[in-house]
> 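Dropping a structure here in structure tokens format, bear with me for questions.
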Amino acid sequence: MKVFLLTIDAAMDADNGGFYQVTTLRFSSGEYNKDGMNWEPRLKQPSLFVKGASTGNILPNTTTSSFGETVLVNPDGGLDYLMNYALDGRELLLQMYDDETEVLSDIVKTTVSSVSFSRSEVSFTLKALHEALSQEHPQDEYKGDNILPDGLEGVATDIKGNRKPKVFGEVHNASPFLVNTSNLIYQVASNDCTVTAVYDKGVLLAKEGEYTSLSDLQTGGAPATGKFKSYKGYFRLGSSPVGTVTCNAETPNKLLGDIFESVVVDAGYTACPTCKSRLNSVNYTGVGGIYLKDLMNTSDLLDMIADSSLSYWTTNTSGVIVMEKISVINRSDTHLVDFELQDYQIIDINVNSLGGGSNGVPIYK
């Protein structure tokens with residue numbers, strides 16, 4: 001017999017100045033008392049979800065992951081106390097216990113999107129990680145509060161409100177922001193990177209050296225005319241430019257797997273470490289780079305990486321972001337990987353066209 005176990009870390013106002021205390025709520029689909037904790041047997045529908053992967057523009061007909069609802073039965077009103085808890089955005093873990101093998105397995109780990117109460121049920125709408133990744137990638141904004149000649153945020157009339165750019169990997173011909181007009185200080189990235197070259201109207205400027213800190217960048221003196229000095233994602237010119245200023249910059253790790261991990265971690269999530277290693281080992285992809293200056297969703301950044309490496313990305317049941325190479329299966333190859341679906345995992349079976357073209361014909365044909 002298999003029993004589903006649902007755990008929710010709910011928050012409740014402790015009436016002590018706005019501080020919240022977290023309470024772990026436990027529900028089950030049947031009798032379960034293996035761990036000595038109290039599990040209420042109220043779980044009617046463990047979870048309905050679609051497991052999919054995104055391949056960017058390689059296979060545009062693919063489906064991303066999405067979740068349905070987890071439902072608890074409440075005919076006696078015994079769960080009405082949940083109305084007093086903050087449940088939106090709280091972590092939810094669904095597990096399955098097999099009493100024949102005595103194995104407890106994680107099925108899915110996600111967060112609650114919303115909760116609804118009916119006369120006899122409590123329904124949790126779950127948030128798929130794909131949904132969370134389809135939000136704007138985190139970027140700070142320039143405050144525009146420079147008091148010239150000091151400051152690195154621009155003034156109210158130039159770059160205020162613009163998103164601070166980021167560099168992942170190695171980028172060329174990037175257009176930096178002029179963040180201090182008095183000292184001719186530019187910023188190409190708000191994350192840790194190195195400015196490797198600066199151009200004025202396409203002409204390469206000589207690098208005079210590195211500043212030691214942000215304070216040194218602003219007060220340590222300008223470089224010589226026609227040269228530049230840098231500090232992390234900033235650089236300072238020694239004289240007013242003749243034309244458009246562009247630059248090259250790079251982060252310490254520039255291989256494809258490194259960029260994948262950097263984007264995921266920068267968004268606040270966890271990247272599959274073995275995926276990073278495998279992507280780095282694909283030697284023909286070499287060094288890559290993304291220059292994030294305008295608004296872009298994290299999912300779009302991951303699609304760019306997938307496009308450039310013939311890969312797909314998805315999420316596992318623990319909320320870890322996975323990216324793998326797309327493999328072309330030789331039909332004469334009998335060494336195929338087996339994947340077993342349990343009866344409880346199958347709602348319906350349909351046959352669909354899997355080709356990447358608009359008419360369903362596979363791309364290679």
> N297 side chain to L301 main-chain N or O, any donor-acceptor pair under 3.5 Å?
no

> Remaining members of L204's ILVMFWY cluster at a side-chain heavy-atom cut-off under 4.5 Å?
Y199

> Can you name the closest pair of heavy atoms from S113 and D88 and give their distance?
O-CG, 3.7 Å

> How far does CZ of F177 sit from NZ of K293, to the nearest 0.5 angstrom?
4.5 Å

> Which pairs, with at least one residue in residues 92-104 and sequence neighbours excluded, count as a salt bridge (charged side-chain N to carboxylate O under 4.0 Å, His left out)?
K2-D98

> Rounded to the nearest 0.5 Å, how far apart are SG of C247 and CG of L205?
10.5 Å

> Taking the six-membered ring of Y211, is NZ or CZ of K232 closer than 6.0 Å to its centre and within 45° of its axis?
no

> Quick one: CG on L279 to NZ on K325, what's the gap to the nearest 0.5 Å?
7.5 Å

> Using the six-membered ring of Y142, assess whether NZ or CZ of K160 lies under 6.0 Å from its centre and within 45 degrees of the ring axis.
no

> Same hydrophobic cluster for F168 and M304, using side-chain heavy-atom links shorter than 4.5 Å among ILVMFWY?
yes

> Do we see a donor-acceptor contact under 3.5 Å between the side chains of H137 and Q139?
no

> Under the salt bridge (charged side-chain N to carboxylate O under 4.0 Å, His left out) criterion, do R42 and D76 qualify, and how do the steps go?
CA-CA 11 Å; R42 291 180 176 270; D76 58 348; 3.0 Å; yes

> Would you say that L126 contacts L92 through its side chain, given a criterion of any heavy-atom pair below 4.5 Å between the two side chains?
yes

> May I have the step-by-step check of side chain to side chain contact (heavy atoms under 4.5 Å, CB included) for L217 and L152, ending in yes or no?
CA-CA 10 Å; L217 171 71; L152 298 170; 4.2 Å; yes

> Could you tell me which non-hydrogen atom of L25 sits nearest to which non-hydrogen atom of L82, and how far apart they are?
CD1-CD2, 3.4 Å

> If we only count heavy atoms from C-beta on, is the L94 to F4 side-chain gap below 4.5 Å?
yes

> Could you tell me whether a side-chain N or O of S277 sits under 3.5 Å from a main-chain N or O of P273, the two making a donor and an acceptor?
yes

> Which is it for N74 and E121 under the side-chain hydrogen bond (donor to acceptor under 3.5 Å, both in side chains) test, yes or no, and what are the steps along the way?
CA-CA 5 Å; N74 187 36; E121 293 180 343; over 6 Å; no

> Which atom pair, heavy atoms only, marks the closest approach of T274 to C272?
OG1-SG, 3.1 Å

> Looking at residues at least two apart in the chain, or sitting in another chain, which of them share a side chain to side chain donor-acceptor pair (under 3.5 Å) with S230?
K207, E210

> In plain terms, say whether D192 and K166 are close enough for a salt bridge, that is, a side-chain N and a carboxylate O under 4.0 Å apart.
no

> Kindly indicate whether the side chain of E40, heavy atoms from C-beta on, has any atom under 4.5 Å from the side chain of S28.
no

> Indicate yes or no for a side-chain donor-acceptor contact from S239 to the backbone of G226 under 3.5 Å, with no hydrogens or angles considered.
yes

> Compare all side-chain heavy atoms of I321 with those of W313 and state whether any distance is below 4.5 angstrom.
yes

> OG1/T111 to CD1/I8 distance, rounded to the nearest 0.5 angstrom?
11.5 Å

> Is a donor on one side and an acceptor on the other found under 3.5 Å between the side chain of Y186 and the backbone of N180?
no

> Does D200 reach the main-chain N or O of V245 with its side chain, forming a donor-acceptor pair under 3.5 Å?
no

> Would you kindly confirm whether L178 and Y234 end up in one hydrophobic cluster when ILVMFWY residues are joined by side chain heavy atoms under 4.5 Å apart?
no

> In sequence, state the C-alpha distance, the side-chain angles, and the governing distance for V195 and Y231, and then conclude on side chain to side chain contact (heavy atoms under 4.5 Å, CB included).
CA-CA 8 Å; V195 178; Y231 177 71; over 6 Å; no

> For residues 143-158, which residue pairs pass the salt bridge (charged side-chain N to carboxylate O under 4.0 Å, His left out) check, not counting sequence neighbours?
E153-K164

> Do we see a donor-acceptor contact under 3.5 Å between the side chains of N173 and N248?
no

> For the side chain of R236 and the backbone of L184, is there at least one donor-acceptor N/O pair under 3.5 Å apart?
no

> Just by modelled atom types, is the P75 backbone N or O under 3.5 Å from a matching donor or acceptor in the R119 side chain?
no

> Compare all side-chain heavy atoms of Q95 with those of S105 and state whether any distance is below 4.5 angstrom.
no

> Which heavy atom in A174 sits nearest to a heavy atom in V188, and how many Å separate them?
CB-CG2, 3.9 Å

> Cut-off 3.5 Å, side chains only: do D266 and S262 have a donor facing an acceptor?
no

> Compare every heavy atom of I259 with every heavy atom of G289, then report the nearest pair and how far apart it is.
N-CD1, 3.7 Å

> Under the criterion side chain to side chain contact (heavy atoms under 4.5 Å, CB included), I'd like the reasoning laid out for R278 against E324: C-alpha separation, chi angles, the key distance, then a yes or no.
CA-CA 8 Å; R278 282 193 288 268; E324 299 283 4; 2.4 Å; yes

> Quick check: do V264 and F260 have side-chain heavy atoms less than 4.5 Å from each other?
yes

> Please examine the side chains of D9 and T23, heavy atoms only from C-beta on, and report whether any two atoms are closer than 4.5 Å.
no

> Identify whether L237 and V179 are in the same connected component of the hydrophobic contact network (ILVMFWY, side-chain heavy atoms under 4.5 Å).
no

> Quick one: does any side-chain atom of Q187 pair with a main-chain N or O of P176 as donor and acceptor, under 3.5 Å?
no

> Taking atom CG as the centre, does L148 end up with more than 12 heavy-atom neighbours from other residues, nucleotides or ligands that are less than 6.0 angstrom away?
yes

> So does G169 get a backbone contact from the side chain of D258, meaning a donor-acceptor N/O pair under 3.5 Å?
no

> Is a side-chain N or O of T270 found less than 3.5 angstrom from the main chain of V320, in a donor-acceptor match?
no

> Name all pairs fulfilling the ring-ring contact (aromatic ring centres under 6.0 Å, His included) condition that reach into residues 94-114, sequence neighbours left out, sorted by first residue then second.
Y32-Y97

> If the threshold is 4.0 Å, N to carboxylate O, is there a salt bridge linking R163 and D140?
no

> Quick check for you: to the nearest 0.5 Å, what is the distance between D303 atom CG and M296 atom CE?
10.0 Å

> At what distance, to the nearest 0.5 angstrom, does CG of L104 lie from CG of L5?
6.0 Å

> In terms of the angle between their ring planes, are F235 and F228 parallel, tilted or perpendicular, with boundaries placed at 30° and 60°?
perpendicular

> With heavy-atom distances below 4.5 Å as the criterion, would you say the side chains of L72 and L6 are in contact?
yes

> Of all the heavy-atom pairs spanning V122 and V115, show the shortest one and how long it is.
CG1-CG1, 3.8 Å

> Carefully, step by step, assess M323 and I305 under the rule side chain to side chain contact (heavy atoms under 4.5 Å, CB included).
CA-CA 9 Å; M323 182 172 287; I305 301 172; 3.6 Å; yes

> Of all residues at least two apart in sequence or in a different chain, which pass the side chain to side chain donor-acceptor pair (under 3.5 Å) check with T101?
none

> Is there a chain of hydrophobic side chains (I, L, V, M, F, W, Y, each step under 4.5 Å between heavy atoms) that links V112 to L79?
yes

> Applying a strict under-4.5 Å side-chain criterion to I, L, V, M, F, W and Y, I'd like to know whether L87 and V73 cluster together.
no

